[in-house]
Amino acid sequence: ANNQISVKLVLLGEAAVGKSSLVLRFVSNDFEENKEPTIGAAFLTQRCTIGDKNIKFEIWDTAGQERFANLTPLYYRNAQAALVVYDITKPASFIKARHWVKELHEQAAKNIIIALVGNKYDLTLDSESGEEIEGARKVSRDEGQDLANEENLLFFETSAKTAFSVNDVFTTIGEKIPDA
Ligand code: GDP
Ligand code: MG
C-alpha cells in the first residue's frame, strides 16, 4: 500500500516494570504472569493501520541488560519513538523514568516521540469490586501527567496484564508519526 511507514520504537525503563510484557501484549495479545527476563526476542515487528497510514513498528526491547549496566545511546539512536515505562506501584521506577526522559532529550533525535507509560495499573484495583486498593498506588496520576506536560510527552497508564490502554499507546504514537 502507499503511505507505508517504518517506525523504530525503543523501550526504556527500570527492570521488571513490564516493558517486555507491554510488547508481548501489543504484538501477540498475550501475558505471562512470571515472565523470564532474559528470554524473548529483543526485536519484534508489528504492522498497524492508522487512518490511511500503514505503519510497521520495529520494536527494540532490551534483553534485560538494564539490570546490569546502562543502555548505551546506540540503543536509542535513530529511534523515532520511545516508551519510557515505570511501575505505578514502584516510586523508584518513576525516578528512573525521569532520568530516561532527560537522557532522551539530550541524546536522542530532536523530533523523537516519547510516551511516558505508568504500567501495572491493575495492581491498584481490587479485581472483584474494581475499586481502588488503598495505598497500592505509589505514583499518582498527576505526578505522571505533570512530568509529561513539563517534558512534552504523551502519557498513559496501562496494564499489560489486563490489556488496559496498551493499544492506545501505540496507535497514538502512530497518529503522531508524520506521513511518508
Ligand atoms: P521488564 O523487565 O520491564 O521487561 O518487565 P517484564 O515484562 O519482564 O515484567 C516483569 C514482571 O512484571 C513479570 O512477572 C510480569 O508478569 C509482571 N508484569 C508486567 N506487566 C504487568 C502488569 O501490567 N500487571 C501486573 N500485575 N504484572 C505485570
Ligand atoms: Mg524485559
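All ligand and atom numbering here is 1-based and tracks the order in the structure.
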Seminar exercise, completed: Applying side-chain hydrogen bond (donor to acceptor under 3.5 Å, both in side chains) to E175 and not counting sequence neighbours gives none

For this session: Give yes if a backbone or side-chain nitrogen or oxygen of T158 is under 3.5 Å from a nitrogen or oxygen of ligand 1, and no if not.
Result: no

For this session: Quick one: sort the W100 and Y76 rings into parallel, tilted or perpendicular, breaks at 30° and 60°.
Result: perpendicular

For this session: Work out whether the distance between some heavy atom of A16 and some atom of ligand 1 is less than 4.0 Å.
Result: yes

Exercise. Do G18 and ligand 1 have an N or O pair less than 3.5 Å apart?
Worked result: yes

Exercise. Counting backbone and side-chain atoms alike, does S21 have an N/O/S atom under 2.8 Å from the Mg ion (ligand 2)?
Worked result: no

For this session: Give a yes/no verdict on whether any heavy atom in F31 is under 4.0 Å from an atom of ligand 1.
Result: yes

Problem set entry | ligand 1 versus V17: contacting region, heavy-atom distance under 4.0 Å | both

Exercise. Relative to the ring of F170, is the ring of F57 parallel (under 30°), tilted (30 to 60°) or perpendicular (over 60°)?
Worked result: perpendicular

For this session: Check each heavy atom of Y121 against ligand 1 and say whether those closer than 4.0 Å belong to the side chain, the backbone, both or neither.
Result: neither

List the atom pairs, with distances to 0.1 Å, where a side-chain N or O of residues 129-138 and a protein N or O form a donor-acceptor pair under 3.5 Å, not counting sequence neighbours.
from : atom 1 : to   : atom 2 : distance (Å)
S129 : OG     : E131 : N      : 3.1
R137 : NH1    : V139 : O      : 2.9
R137 : NH1    : E157 : OE2    : 2.8
R137 : NH2    : E157 : OE1    : 2.9

Exercise. Do NZ/NE/NH1/NH2 and the carboxylate oxygens of E14 and K19 come within less than 4.0 Å?
Worked result: no

